[in-house]
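Lettering follows sequence order; numbering is per chain, from 1. Hydrogens, waters and symmetry mates are skipped; everything else that's a heavy atom, side chains included, is used.
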Number of protein chains: 2
Amino acid sequence: MARSNPERSQATRLALMDAAKDLFIKKGFADTATPDIVRAAGVTRGALYHHFEDKKALLTAIVEREAEAVAQQIADMSVRAKSPSEALLRGAAAYFDAMNTPGRTRLLLLEAPAILGAAATGAIDRGNAGSTLETGLIELLGPDANRDWIAATTNMLSAAFDCAALAIAGGADRSVYERSIAVLIDGLAGQNWQYRSKRE
Amino acid sequence: MARSNPERSQATRLALMDAAKDLFIKKGFADTATPDIVRAAGVTRGALYHHFEDKKALLTAIVEREAEAVAQQIADMSVRAKSPSEALLRGAAAYFDAMNTPGRTRLLLLEAPAILGAAATGAIDRGNAGSTLETGLIELLGPDANRDWIAATTNMLSAAFDCAALAIAGGADRSVYERSIAVLIDGLAGQNWQYRSKRE
DNA sequence: TTCCTTGACATACATTCTGTATGTTTGTTA
DNA sequence: TAACAAACATACAGAATGTATGTCAAGGAA
């Protein structure tokens with residue numbers, strides 16, 4: 001079994017990330033020890049600290065990979081929608097589909113914000129799935145809507161979606177949340193002129 | 001300095017909780033060591049493990065106390081409002097006031113969900129500030145609105161409020177978030193008949 | 001008051017984990 | 001094939017957690 005160096009590197013990197021991902025999901029980041037990770041990955045701690053600066057860097061790599069997968073999954077699902085509100089609803093559905101992967105909610109919505117900080121996690125989020133939501137809201141509310149307002153609304157709706165994803169992962173009825181989101185979005189679409197008229 | 005036993009107990013419990021709260025806010029739960037806590041509290045680790053089962057139990061006690069303070073602060077602020085939507089907006093403002101206390105967002109919205117789990121934190125939340133929001137939404141949407149829908153909307157709005165509190169604590173403009181919330185609530189108030197008509 | 005029990009700690013210890021420093025093997029290049 | 005570098009493995013130092021044991025003051029009972 002003579003493998004080239006890049007092949008070896010990527011293989012152990014993936015083995016470490018996969019093993020750590022499972023353990024982080026099952027026991028959480030804090031309660032997962034590096035000896036457990038390397039045992040599950042079939043390597044030693046030396047390999048871990050050769051490829052990753054520390055335990056947090058390993059989590060960061062996993063979170064980034066997972067966030068990219070979510071964004072990719074949403075992009076694949078994205079089809080033409082008739083109205084901006086329908087586009088937002090389809091985006092939400094795609095997000096719930098993507099977050100349905102077991103453990104993803106825990107990794108992306110619980111562990112990452114606490115360990116890596118809210119700022120770092122928000123940056124990862126905004127670089128991927130978050131931007132989809134903001135463009136959707138701009139479509140819905142018109143390009144002349146106040147930018148700060150849109151940013152704030154994007155953040156809060158994103159948090160609401162995350163909350164819904166967590167609830168669904170915990171066994172809640174997905175259709176109830178999707179309808180609740182539909183009502184929120186319809187309310188936004190119907191009311192935005194009121195805010196704009198106050199500002200302009 | 002002859003103190004009775006109950007006095008001694010409460011004094012050291014409070015000293016430990018206060019010292020740990022400051023350190024958890026400044027450095028986070030994971031990066032705060034029990035020797036640091038007891039040094040700041042002026043006791044030994046023996047006292048800590050006599051009063052609290054482990055480090056997590058200490059965090060739990062602090063989080064519960066802080067959540068009760070938030071609920072109390074909101075209850076004190078609650079004055080008569082003319083409309084259900086105004087009541088909700090005042091409640092949101094009171095929540096932001098209460099969360100304005102330095103470090104509270106980190107403790108209640110970042111550390112607690114990750115360390116104690118989303119379920120435990122949600123239970124603490126629902127027992128305190130969360131119920132205020134749900135009753136306000138029932139007022140807004142009418143008592144005949146679908147209960148599951150109200151519960152889901154409560155959860156998501158609660159998450160949106162938390163997100164706003166975090167953003168404000170991070171330096172964002174509070175008035176922008178309050179206006180965004182106002183638009184969301186007005187949208188809900190104007191649209192709820194649509195959902196109800198589908199269900200009944 | 002005296003004795004005895006219990007709660008409230010303090011101290012010492014065993015285990016375990018993290019990160020680093022050093023050693024060894026394997027691939028790569030000149 | 002000789003030299004070098006990357007990819008690991010092993011050994012170690014420091015520190016942290018939780019526990020077990022020891023000590024001392026508080027508080028009733030005789």
Side-chain angles (χ1 to χ4, degrees), chain A residues 1-63 111-112 114-117 120, chain B residues 1-63 111-112 114-117 120:
Chain A
M1 52 184 288
R3 288 178 301 178
S4 74
N5 266 344
E7 278 172 347
R8 281 212 310 173
S9 282
Q10 188 163 355
T12 58
R13 265 188 75 94
L14 283 181
L16 281 167
M17 288 171 70
D18 290 340
K21 193 191 78 170
D22 289 345
L23 288 168
F24 289 164
I25 287 172
K26 203 194 303 178
K27 307 181 8 179
F29 177 82
D31 289 344
T32 300
T34 50
D36 295 342
I37 297 172
V38 298
R39 199 176 310 129
V43 296
T44 64
R45 278 164 34 82
L48 196 165
Y49 283 93
H50 176 74
H51 285 287
F52 301 95
E53 191 181 344
D54 56 6
K55 209 176 136 191
K56 283 186 186 179
L58 176 58
L59 176 65
T60 303
I62 293 170
V63 166
E111 304 286 346
I115 309 298
L116 311 177
Chain B
M1 53 183 285
R3 289 178 301 178
S4 75
N5 265 345
E7 278 172 347
R8 280 213 311 175
S9 282
Q10 188 164 354
T12 57
R13 265 188 76 94
L14 284 181
L16 281 167
M17 288 172 69
D18 290 339
K21 193 192 77 169
D22 290 344
L23 288 169
F24 288 165
I25 288 173
K26 204 194 303 178
K27 306 178 15 178
F29 177 82
D31 289 344
T32 300
T34 50
D36 296 342
I37 297 172
V38 299
R39 199 176 308 128
V43 296
T44 64
R45 276 164 36 81
L48 196 164
Y49 282 93
H50 177 72
H51 285 287
F52 301 95
E53 191 181 342
D54 56 7
K55 210 175 137 193
K56 283 185 186 180
L58 176 58
L59 175 66
T60 304
I62 293 170
V63 166
E111 304 286 347
I115 309 297
L116 311 177

Whole-Å distance separating the CD atom of A:Glu7 from the P atom of D:dC8: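 The distance from CD of A:Glu7 to P of D:dC8 comes to 12 Å, rounded to the nearest Å.
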
Interatomic distance where CG belongs to B:Leu59 and C1' belongs to D:dT17 [whole Å]: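 Rounded to whole Å, this separation is 16 Å.
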
Counterpart residues, side-chain hydrogen bond (donor to acceptor under 3.5 Å, both in side chains), relative to B:Arg8 (two or more places apart):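 Result, side-chain hydrogen bond (donor to acceptor under 3.5 Å, both in side chains) vs B:Arg8: none returned.
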
Residues that A:Thr32 engages under side-chain hydrogen bond (donor to acceptor under 3.5 Å, both in side chains), provided they are two or more places apart: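 Listed in chain order: nothing, the list is empty.
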
Ring pair (Phe, Tyr, Trp, His ring centres under 6.0 Å) contacts touching residues 24-46 of chain B (sequence neighbours left out):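 Of all non-adjacent pairs touching residues 24-46 of chain B, those that pass ring pair (Phe, Tyr, Trp, His ring centres under 6.0 Å) are B:Phe24-B:Phe29.
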
Residues that B:Lys27 engages under salt bridge (Lys or Arg N to Asp or Glu O under 4.0 Å), provided they are two or more places apart: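 So B:Lys27 forms a salt bridge (Lys or Arg N to Asp or Glu O under 4.0 Å) with B:Asp36.
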
Residue pairs fulfilling side chain to side chain donor-acceptor pair (under 3.5 Å) with at least one residue in residues 9-19 of chain B, sequence neighbours excluded: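 Found B:Thr12-B:His51, B:Asp18-B:Arg65.
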
Per-nucleotide protein contact string for nucleotides 8-24 of chain C (B base, S sugar-phosphate only, - none; heavy atom under 4.0 Å): BBBB-----SBBB----

